[in-house]
Structure formats: C-alpha cells, structure tokens
Number of protein chains: 2
Amino acid sequence: MFVNRVRKAGDNRVATNQEKQEKEQPRRRQARGERRIAQLLEAAATVFSSTGYTAASTNAIAREAGVSPGTLYQFFPNKEAIAIELGERLMREMRETYGEALAPVDPATPLEEAVAAAVDRFIDFNRRHPAFFTLMHGPDIPGRIAEEHDALHATLVARVESLLTPFLPDIPAADITRTAHVCVAMYKAGLELVLASEGAERDAYVQELKKVLLRYLQPLVGDRLAAGPTP
Amino acid sequence: MFVNRVRKAGDNRVATNQEKQEKEQPRRRQARGERRIAQLLEAAATVFSSTGYTAASTNAIAREAGVSPGTLYQFFPNKEAIAIELGERLMREMRETYGEALAPVDPATPLEEAVAAAVDRFIDFNRRHPAFFTLMHGPDIPGRIAEEHDALHATLVARVESLLTPFLPDIPAADITRTAHVCVAMYKAGLELVLASEGAERDAYVQELKKVLLRYLQPLVGDRLAAGPTP
DNA sequence: CCAGAATGCGAGCGACCACTCGTGTTTGTC
DNA sequence: GACAAACACGAGTGGTCGCTCGCATTCTGG
C-alpha cells in the first residue's frame with residue numbers, strides 16, 4: 001500500500017547492556033536530564049527536517065544541541081529512538097490540539113465547512129512542526145516510525161471515511177474507503193505544495209487544495225444534498 | 001601507464017578525472033561494453049526502485065548485474081553517474097514515447113478526453129518503469145538528479161499550462177500556473193496511489209484520479225463554455 | 001598474429017557513521 | 001561533607017560504503 005520502506009543494513013543494530021537495564025527500570029531522571037532531552041529533540045527536529053532522517057547523523061544532532069555524542073546516548077539508546085520519541089511527542093500534540101478536528105460527523109455541517117476546517121487545522125499544525133512532515137513522509141524512515149505513520153494514515157482515512165459515510169448512504173463501503181484514501185492522498189500532495197511556498201502564494205494553494213477536495217466530493221454529496229449551502 | 005589516473009587516495013567525493021577523459025576523447029567502446037552498461041543500468045533500476053537511491057549500494061548494483069564492483073566503475077565514474085544516466089535514458093524514452101501526449105492543444109478536444117489520455121499514458125509509463133518514480137520522487141537524491149527532476153517537473157507544468165490556456169483565456173497567467181502546479185501535484189499523488197495497488201483496485205484509483213482532475217478543472221472550463229466564446 | 005586498448009576482477013583503502021567506554025563533573029540525599 | 005547516581009565528555013571501535021588499483025583476460029586494428 002505504501003511506498004518503498006527501506007530497512008537497510010547500516011543501522012548498526014547492536015544489543016547494548018543499557019537495553020537490558022532499561023527493561024522495566026524507570027531511570028531516575030533529574031530536571032537537567034529532562035531539559036537535555038527536550039533540547040536534543042528540538043535539535044533532532046531541526047536536523048531531521050533539514051536533511052531527512054537517514055542523512056541526519058547523531059553527531060550532527062548532538063552538535064546542534066551543543067552536547068557531545070556520548071551525552072546524546074545517555075538519553076536515547078539509538079538513533080531510531082530519537083525519531084520515535086520525537087514522532088510520538090508530535091503525534092500526541094497533534095491529537096491534543098486537533099484531536100476532534102476531523103470528527104464533527106454532524107451531517108448538518110456543510111461539507112465545505114468541514115473540509116475547510118480540517119484542511120486549515122492540519123496545515124497549521126504542519127507549518128508549526130516541519131519535522132512532522134519529514135518523519136511521516138520520508139521514504140528512508142526505519143520500520144518503527146513507518147508503523148506510526150501507517151497508524152496515523154489509517155486513522156486519518158478512517159476519520160474521513162466516517163465523516164463521509166453519513167453523506168453517502170447508497171455507496172458501497174469499498175468505494176467510500178477508496179474515496180477516503182484519495183482524499184488523504186490529495187491532502188498530502190496539497191500540503192507539500194503549501195509547505196513549499198510562502199506568503200500569498202501559500203494561501204492561494206490552501207484555497208486550491210480546498211477546491212480540489214470539495215469539487216471531488218461535491219458530486220457524491222450532491223446526490224443527497226443540494227450542492228453547497230442552500231440559501 | 002594505463003588510463004585514468006588523478007584521484008588521490010582519500011578523495012572520496014567528487015570525480016574530477018572524467019572531464020579530461022570525456023572532454024574531447026570519447027572512449028572507444030566495444031559492443032560488450034555497451035551490453036554491460038545496459039545490464040548495469042537495468043540492475044540499478046531494480047536496486048534503486050526496491051531500496052531507493054541512497055540506500056542502494058554500488059556493490060549491490062554490481063552484484064545484481066553479476067559483475068564485480070571494479071567493472072561497474074569501468075563504465076561509471078561514481079554512483080551518481082549511474083542514476084543520472086538511468087534518469088536520462090528514462091526521460092528520453094518517455095519523451096520519445098509520449099513526447100506529444102501532453103500537447104494536443106486542440107481546444108476542440110473535450111477536457112475529459114485530454115485528461116484521461118494524459119493520465120493513462122503517464123501511468124502506463126510509470127508502471128513499466130518503476131525506477132523513474134523512485135528517481136524523480138526520492139527526497140534523498142543528489143543535486144544533479146534533483147535538477148533533472150526539477151526540469152521534468154517544470155516541463156510537465158508548462159505542458160499542462162499550455163494545455164489549459166486555450167480553455168481559460170480570461171484567467172490571469174499566475175492563476176493558470178498555479179492551477180497547473182496543483183494538477184501535477186495531484187497527478188503525482190494519484191500515481192503513488194495507483195502504483196501501490198493492483199488489479200481492479202488499481203483501475204479504480206485511475207478512475208478516481210481522473211475524476212479529481214476533471215472535477216477540479218471542470219468549473220474553470222465551464223465558466224467559459226457557459227459564457228460563450230470571447231470576442 | 002600480436003601490440004595495445006577495452007574489459008573484468010576483487011581485495012582493500014579511506015571516510016564516515018552509529019554507538020561505546022573510561023573518566024571526570026554535577027546533583028540529590030543522608 | 002560523604003556517597004552514589006545522574007550527567008557530561010570525546011577519543012575510540014567496529015562496520016559499511018564508495019571507490020581504487022594492480023593485474024588478468026578478451027577484443028580489435030594493422
């Protein structure tokens with residue numbers, strides 16, 4: 001279903017003695033440690049979003065954070081763990097901030113509003129956290145993050161599906177699923193376009209993205225409701 | 001004294017020895033060499049499309065082609081050159097096969113047909129050459145291929161623009177350009193969806209992609225048809 | 001048929017990278 | 001203040017990768 005996932009040799013996977021200790025032993029962490037972790041994750045976000053996951057070296061992340069490589073490994077067992085933790089924090093923040101953004105399944109809401117609101121919110125989030133797009137889109141991400149991405153993708157599709165279903169009672173479920181997949185794919189492509197532009201052009205692309213989604217969905221909904229908000 | 005010298009040990013990056021060689025002295029190549037090159041490029045296409053550019057090792061390409069690493073470097077100065085040559089050959093084939101596919105600027109052609117034909121042709125090409133998508137889409141591609149990609153992208157956008165323009169005489173050029181960018185972006189997203197599925201599902205996605213593009217463009221064209229020919 | 005060019009091989013080199021380890025410093029607790 | 005644990009450092013380790021080099025083999029023109 002998804003693009004080529006590369007789990008490549010080069011992730012020198014070594015079982016370390018740290019892993020054994022951290023099995024079920026929550027390490028007593030000082031405030032300084034928590035600060036370092038936040039600092040490292042911020043640095044990682046910067047480096048990841050500017051070079052991608054694979055090309056980002058742990059030394060570069062440590063340098064960006066102003067610490068030594070050894071310090072980095074004091075808090076993360078390996079490179080992948082950094083990306084996973086960062087991804088999880090971003091996912092959590094997104095869910096907290098926009099958790100219910102995609103689930104106003106009230107069929108009274110005009111489709112236009114639902115689409116516009118969802119697009120605006122998600123674009124806003126991605127604008128504020130460029131690393132999120134990098135982690136969830138890169139073709140070079142390791143297995144674990146890919147799972148997270150797939151989970152997020154599935155959630156998105158499911159939400160769109162449930163958002164669509166009340167509008168489309170006569171359509172087979174398989175068709176609705178496919179339609180949802182198309183919507184998400186088009187949203188992602190539009191997001192890329194939006195993130196790559198600035199200022200007025202960016203806003204214009206946001207409008208175009210909404211147009212694409214709306215016009216794609218309108219004919220389906222039109223069977224049931226008169227197209228657009230009726231005066 | 002044999003051929004290529006230069007290249008001190010430790011100069012792991014850029015190849016400067018090619019300039020002298022290929023400047024005005026095309027290497028006399030035997031039929032066997034041409035065969036090897038084709039063989040290596042085919043192997044590279046396989047490896048690239050299955051693992052991506054960065055993760056693909058030159059040794060893996062050589063192994064896939066059934067030759068030694070040294071033999072590979074007999075014909076290509078470095079890894080990037082392999083991708084560049086492969087990209088150029090694919091681009092050339094695409095231009096030869098579908099060169100004029102996107103330029104039937106006959107305004108009499110219904111938009112629906114134009115869109116459907118273009119989509120079908122390009123999808124067919126990408127189905128037959130999976131490496132093309134990998135090379136032109138990967139975020140991990142080196143500078144030179146990125147240039148190629150940008151050139152192709154610009155060409156695509158320009159073609160779509162010129163295809164659109166006769167339908168939309170009243171729209172500002174900037175808007176048409178933006179619309180073309182959106183079309184190409186949506187096409188790429190749809191292509192990804194199509195390439196990731198198979199059989200009937202694949203065909204269904206092709207249909208959906210056409211719908212997306214058509215419905216996005218229809219209102220623009222519709223304005224014109226409704227208003228009649230402009231004086 | 002035979003010089004020399006083109007082709008082929010594969011062990012190995014240097015660079016880089018993820019990650020470690022011995023050692024020293026700070027911090028919390030008694 | 002004493003002690004241990006957490007934190008910090010950075011040179012070093014093993015591994016992979018792009019690429020090379022000396023040498024063997026095959027082709028081609030004269």
Side-chain angles (χ1 to χ4, degrees), chain A residues 6-22 25-40 44 47 51-63 65-83 140 142, chain B residues 1-18 21 25-40 44 47 51-63 65-83 140 142:
Chain A
V6 188
R7 184 81 174 113
K8 222 288 179 184
D11 301 336
N12 311 343
R13 203 65 192 89
V14 190
T16 76
N17 37 10
Q18 279 187 13
E19 274 174 316
K20 284 177 188 169
Q21 285 196 345
E22 294 196 356
Q25 187 81 277
R27 191 192 183 93
R28 196 180 121 244
R29 200 135 263 162
Q30 302 180 345
R32 182 171 40 144
E34 295 293 347
R35 250 182 286 126
R36 275 276 179 267
I37 290 180
Q39 193 178 22
L40 283 163
V47 177
T51 69
Y53 173 79
T54 309
S57 80
T58 53
N59 288 12
I61 294 173
R63 205 181 315 121
V67 303
S68 85
T71 298
L72 186 152
Y73 283 93
Q74 186 81 27
F75 302 102
F76 300 98
N78 53 52
K79 182 178 169 182
E80 185 177 353
I82 304 171
D140 57 350
Chain B
M1 166 150 184
F2 268 140
V3 261
N4 29 359
R5 290 294 75 93
V6 196
R7 199 97 196 223
K8 288 184 177 179
D11 190 41
N12 204 5
R13 286 288 109 178
V14 192
T16 46
N17 57 342
Q18 276 306 93
Q21 278 284 322
Q25 198 136 32
R27 191 190 181 90
R28 198 177 124 251
R29 200 134 263 160
Q30 303 181 346
R32 184 172 36 143
E34 295 293 346
R35 250 181 287 126
R36 273 278 178 265
I37 290 179
Q39 192 178 23
L40 283 164
V47 177
T51 70
Y53 173 79
T54 309
S57 81
T58 53
N59 288 11
I61 295 173
R63 203 181 318 119
V67 303
S68 85
T71 298
L72 186 153
Y73 282 93
Q74 185 79 27
F75 301 102
F76 299 98
N78 52 53
K79 182 178 168 181
E80 185 176 353
I82 304 171
D140 58 348

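All chains are named by letter (A, B, ...) in the order of the sequence lines, taking the proteins before the strands, and each is independently numbered beginning at 1. All of these numbers come straight from a predicted model, not from anything done at the bench.
- Within the 4.0 Å cut-off from OP1 or OP2 of D:dT20, not a single side-chain nitrogen or oxygen of B:Tyr73 is found.
- One interatomic measurement links the two molecules: CD of A:Gln74 to P of C:dG22, which rounds to 14 Å at whole-angstrom precision.
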| task | Apply side-chain contact (heavy atoms from CB on, under 4.5 Å) to the pair B:Ile82 and B:Phe75, showing each step before the final yes or no. | result | CA-CA 9 Å; B:Ile82 304 171; B:Phe75 301 102; over 6 Å; no
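- We find the OG1-NZ distance between A:Thr54 and A:Lys79 to be 6.0 Å, quoted to the nearest 0.5 Å.
- Between A:Thr71 and D:dC9 there is a side-chain N or O to OP1 or OP2 distance below 4.0 Å.
- For A:Thr51, the side-chain contact (heavy atoms from CB on, under 4.5 Å) partners two or more places apart in sequence, or in a different chain, are A:Val47, A:Ala55, A:Ala56.
- Of the two residues contacting DNA chain D, namely A:Val67 and B:Pro69, the nearest-nucleotide position lying further toward the 5' end is that of A:Val67.
- One can place CZ of B:Phe76 at 12 Å from P of C:dG8, the figure rounded to the nearest angstrom.
- B:Asn59 has its CG atom 13 Å from the P atom of D:dT20, to the nearest Å.
- Backbone-only contact: A:Ala56 has heavy atoms under 4.0 Å from sugar-phosphate atoms and none from a base.
- At whole-Å resolution of the value, NZ in A:Lys79 and P in C:dC19 are 8 Å apart.
- Summarising the geometry, the separation between CG on A:Leu72 and P on D:dC9 is reported as 11 Å, rounded to the nearest angstrom.
- Between B:Asn78 and B:Tyr73 the shortest heavy-atom distance is CA-CE2, 3.8 Å.
- The CD atom of A:Glu80 lies 13.5 Å from the OG1 atom of A:Thr58; values are rounded to the nearest 0.5 Å.
- Residues that satisfy the side-chain contact (heavy atoms from CB on, under 4.5 Å) test with A:Ser57, not counting sequence neighbours, are A:Asn59, A:Ala60.
- Annotation for B:Tyr53 and B:Ala83: closest pair CE1-CB, 3.5 Å, computed over non-hydrogen atoms.
- Remark: B:Ser68 is not in phosphate contact with C:dG8, judged by side-chain N or O atoms under 4.0 Å from OP1 or OP2.
- Per the geometry, CD1 belonging to B:Ile82 stands 14 Å off P belonging to D:dC17, to the nearest Å.
- Distance CD1 (B:Ile61) to P (D:dC17): 12 Å, rounded to an integer number of Å.
- The structure places CZ of A:Arg36 at 11.0 Å from CD of A:Gln74, a figure rounded to the nearest 0.5 Å.
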| query | Which letters describe nucleotides 25-30 of chain D, given B = protein heavy atom under 4.0 Å from base, S = only from sugar-phosphate, - = neither? | reply | -BSS--
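- Take B:Ala65 and apply the side-chain contact (heavy atoms from CB on, under 4.5 Å) test, not counting sequence neighbours, and it matches B:Gln39, B:Leu40, B:Ala43, B:Val67.
- For DNA chain C, the neighbouring residues in residues 33-40 of chain B, judged by any heavy atom under 4.0 Å, are B:Gly33, B:Arg36.
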